[in-house]
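Side-chain atoms are counted along with the backbone in the values below, which use heavy atoms only and exclude waters and symmetry mates. Protein chains get the first letters and strands the later ones, always in sequence-line order, with residue 1 at the start of each.
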There are 2 protein chains.
Amino acid sequence: MKFEAATIKDIAIALGLSTSTVSRALRDSHEISIATKQLVLEYATRINYHPNPIALSLKEKRSRSIGVIVAEIANSFFSQAINGIESVAKDKGYNVMISQTHESFDKEVMTLQYLASRSIDGLLISVSSGTENLDHLKALHERGFPIVFFDRIVEEIQTHKVMVDNFRGAYDATLHLINKGYKHIAVIAGPENLSISRERIAGYREALAHTRVKPGKALIKYSRYAGLQLQEVEQAVSQLLKLRPRPDAIFTASDKLTTNCMRVLKSKGIRIPQDIALVGFSNSDLIELLHPPLTVVRQPAFEMGQIATQLLLQLIESKKPVKEFERKILNTNLIIQASS
Amino acid sequence: MKFEAATIKDIAIALGLSTSTVSRALRDSHEISIATKQLVLEYATRINYHPNPIALSLKEKRSRSIGVIVAEIANSFFSQAINGIESVAKDKGYNVMISQTHESFDKEVMTLQYLASRSIDGLLISVSSGTENLDHLKALHERGFPIVFFDRIVEEIQTHKVMVDNFRGAYDATLHLINKGYKHIAVIAGPENLSISRERIAGYREALAHTRVKPGKALIKYSRYAGLQLQEVEQAVSQLLKLRPRPDAIFTASDKLTTNCMRVLKSKGIRIPQDIALVGFSNSDLIELLHPPLTVVRQPAFEMGQIATQLLLQLIESKKPVKEFERKILNTNLIIQASS
DNA sequence: GTGTCATTCTAACACGTATGAAAAACGTCT
DNA sequence: AGACGTTTTTCATACGTGTTAGAATGACAC
């Protein structure tokens with residue numbers, strides 16, 4: 001199955017010109033007479049000529065496409081972020097190549113190598129929950145390859161970063177629970193190596209620091225796969241339920257954790273919020289239809305995607321090496337509903 | 001910001017060979033002595049040589065990437081399908097480029113032109129709800145460009161198609177409502193020009209044909225943007241509520257329609273299923289957490305993505321023009337919960 | 001008739017890779 | 001040594017585009 005497109009050569013032969021003249025005419029060079037320009041342009045549109053992007057890429061050493069690595073497309077936060085990424089990228093004539101890690105470190109390394117070998121011009125990445133070793137990213141970064149982190153950032157690598165105020169989001173959510181009169185507030189977060197987990201737990205801690213009840217270590221649970229696997233959430237919840245005094249509220253620190261925690265509580269016949277209140281990070285657009293409607297910390301995912309992409313394109317198109325890097329911090333939004 | 005990779009030329013110069021020798025050595029040609037092969041291979045791995053995929057694409061006239069066009073990534077069905085697409089594509093060394101139409105015909109045409117001009121090797125598409133004119137697809141198809149339709153297919157174009165048994169899915173759902181004793185069952189579907197809308201309404205009609213109550217035209221509502229816009233769903237529901245006798249059940253024929261219909265009913269203070277029962281197509285993984293848990297028709301989205309991709313790659317890699325086309329029809333799954 | 005300049009076009013090459021054809025290099029046989 | 005065959009390497013070219021340098025043409029002035 002082949003599919004032939006018109007080339008500059010076809011035009012040249014058809015009009016009895018050289019390819020370079022045609023090329024120049026199409027690029028509206030001043031060294032071509034208006035008459036020939038018109039001739040070429042007319043014929044080109046007539047046969048629906050489009051310059052071959054691959055040949056262009058080879059010539060210009062840039063592919064005009066960027067890579068995106070996220071944990072899961074089928075996650076409201078990421079799909080909304082990708083929406084933002086795509087809107088900016090397409091607007092600037094860039095293509096988007098998406099890869100998923102499913103929270104696996106190995107997949108992240110493989111997918112990164114794959115994308116890098118496919119000659120993308122830059123990378124947007126929200127690292128997987130399994131990422132502890134950063135060699136693969138550092139190697140790329142040191143070769144001057146443009147990278148922008150969003151959401152789950154990596155502090156050790158100096159480049160643009162876009163995230164929300166995770167500390168504040170977690171602080172607000174926890175404070176909300178405190179104000180509602182909950183005394184024993186537990187937290188389930190992603191793995192400790194993720195920046196967002198640490199920051200959100202810090203916010204949770206800070207909010208509790210003002211109360212008389214200091215949070216015991218037993219109230220803080222980490223989840224290896226950021227809640228992707230129901231089983232690990234079940235285990236964390238079970239452990240929390242065995243504590244005395246039993247927690248009367250849970251704060252979940254990521255999208256999948258929140259919905260899966262709700263699933264587990266329901267399956268155990270625990271009523272929300274009568275038995276245990278639930279507040280969590282989530283970008284699902286179904287939260288108000290849930291039973292009960294969930295109080296959530298919402299992130300401006302679309303906007304994050306847009307900003308991250310703008311920064312990346314800026315990095316790619318910069319002539320001189322960029323030394324000053326931005327660290328954009330957006331605000332979260334606490335949506336209070338019946339679950340707390 | 002540039003980023004230089006090693007080329008075959010670098011190796012040739014370093015070893016005092018010609019580029020063609022190096023090229024042949026790397027491809028393990030029999031006409032190269034074992035000694036030089038070893039020499040080249042060793043040096044290549046040492047400097048971490050990877051062939052430039054763009055140069056390869058130019059040479060071989062294939063980019064090893066496929067395009068995907070869907071309405072919305074942030075839609076459970078599509079994100080699951082993309083998951084399936086990505087798994088097969090990556091496995092076969094193909095890249096995936098995703099574009100969204102947001103149910104707009106203009107965006108579909110633009111995005112199609114864009115992808116086609118980016119020299120993708122083939123296209124997977126689930127047409128937008130606004131698609132009435134097929135010229136853009138026909139033009140591409142007639143030039144022999146590989147296309148596979150999934151989910152929202154187009155009958156007029158002869159190529160591989162992957163879908164579910166929409167008729168049966170709708171029939172089962174409607175029959176379920178009938179068996180539960182509902183008498184006045186309304187339906188809200190996507191626009192009439194979409195194959196899935198027509199088939200699902202036909203299934204609904206067939207189920208009702210066995211009952212005494214024939215469905216009046218007033219019970220059948222179409223939604224221009226397949227439920228993407230809340231407003232149009234609100235309008236459809238309002239009209240249904242004015243009918244006498246008032247419908248006691250609604251069947252919604254697509255993902256967004258289902259959740260948005262639920263949203264509208266809730267906002268109007270209508271209880272599900274006491275006042276009106278609700279059953280719909282949906283692939284959301286939160287349905288059992290909703291209030292009430294929704295009875296849904298679920299599609300094997302991941303599998304659809306996989307199969308469609310396999311067929312597309314088969315089409316792309318076929319030497320001779322394919323004349324026999326497959327029409328894969330998968331089964332839906334009715335998940336019965338409290339909403340009906 | 002010649003020199004200067006501006007205009008308009010072309011030839012040749014580059015990007016990185018692969019390949020058919022030609023040419024070396026080498027060994028073997030007469 | 002010459003003819004021949006086999007193995008190994010190089011040359012030339014192509015893919016489609018853009019660009020540097022140079023060539024052809026004509027106009028004008030001297």
Enumerate all atom pairs, one protein N or O and one N or O from nucleotides 7-10 of chain D, separated by less than 3.5 Å.
{"residue": "D:dT9", "atom": "OP1", "partner": "B:Thr36", "partner atom": "OG1", "Å": "3.3"}
{"residue": "D:dT9", "atom": "OP2", "partner": "B:Ser33", "partner atom": "N", "Å": "3.2"}
{"residue": "D:dT9", "atom": "OP2", "partner": "B:Ser33", "partner atom": "OG", "Å": "3.4"}
{"residue": "D:dT9", "atom": "OP2", "partner": "B:Thr36", "partner atom": "OG1", "Å": "2.9"}
{"residue": "D:dT10", "atom": "OP2", "partner": "B:Ser18", "partner atom": "N", "Å": "2.9"}
{"residue": "D:dT10", "atom": "OP2", "partner": "B:Ser18", "partner atom": "OG", "Å": "3.2"}
{"residue": "D:dT10", "atom": "OP2", "partner": "B:Thr21", "partner atom": "OG1", "Å": "2.6"}
{"residue": "D:dT10", "atom": "O4", "partner": "B:Arg24", "partner atom": "NH1", "Å": "2.8"}

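Taking atom CD1 of B:Ile8 as the reference point, atom C1' of C:dA14 lies 16 Å away to the nearest angstrom. Between the CG atom of A:Leu15 and the P atom of C:dT8 there is a distance of 17 Å, rounded to whole Å. What separates CG of A:Asp10 from P of D:dC15 is a distance of 10 Å, to the nearest Å. Counting to the nearest Å, the P atom of C:dG16 and the NZ atom of B:Lys61 are 21 Å from each other. Rounded to an integer number of Å, the gap from B:Leu26 CG to C:dG16 C1' is 12 Å. Rounded to whole angstrom, the span from the CG atom of A:Leu56 across to the P atom of D:dC15 amounts to 17 Å. Summarising the geometry, the separation between CZ on B:Arg62 and P on D:dG16 is reported as 16 Å, rounded to the nearest angstrom. When the P atom of C:dA14 is taken as reference, atom CD1 of A:Ile54 falls 22 Å away, rounded to whole Å.
Inter-residue side-chain proximity for B:Gln306 and B:Asp91 is flagged as unmet; no heavy-atom pair is nearer than 4.5 Å.
Salt bridge annotation for B:Lys107-B:Glu72: absent, with no cationic side-chain nitrogen under 4.0 angstrom from a carboxylate oxygen.
Looking at heavy-atom distances under 4.0 Å, B:Leu58 makes contact with a base.
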Side chain to side chain donor-acceptor pair (under 3.5 Å), that's the test. Do A:Glu103 and A:Ser129 meet it? Break it down for me. CA-CA 5 Å; A:Glu103 305 290 14; A:Ser129 67; 3.1 Å; yes
A:Gln113 vs A:His136, side chain to side chain donor-acceptor pair (under 3.5 Å): CA-CA, chis, key distance, verdict: CA-CA 8 Å; A:Gln113 282 187 330; A:His136 56 308; over 6 Å; no
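In this structure a side-chain-to-backbone donor-acceptor pair under 3.5 Å is missing from A:Thr309 to A:Ala89. With A:Lys37 contributing its side chain and A:Ser29 its backbone, the two residues share a donor-acceptor pair below 3.5 Å. Listed for the B:Ser57 side chain is a donor-acceptor partner under 3.5 Å among the backbone atoms of B:Arg62.
Here B:Phe325 pairs with B:His160 under the ring pair (Phe, Tyr, Trp, His ring centres under 6.0 Å) rule; sequence neighbours left out.
For A:Ala55, taking side-chain heavy atoms from C-beta onward, the closest of the listed nucleotides C:dT17, D:dG16, C:dG16 is D:dG16.
Both B:Lys59 and A:Tyr49 lie near DNA chain D, and the one whose nearest nucleotide falls closer to the 5' end is B:Lys59.
For A:Ser23, a side-chain nitrogen or oxygen approaches OP1 or OP2 of D:dG18 to under 4.0 Å. Within the structure, a side-chain polar atom (N or O) of A:Lys9 is placed less than 4.0 Å from OP1 or OP2 of D:dC15.
Of the N and O atoms on the side chains of B:Ser128 and B:Thr131, at least one donor lies less than 3.5 Å from an acceptor on the other residue.
Fit an axis to the five pairs at each end of the helix from C:dG1-D:dC30 to C:dT30-D:dA1 and the two axes sit 90° apart, to the nearest 10 degrees.
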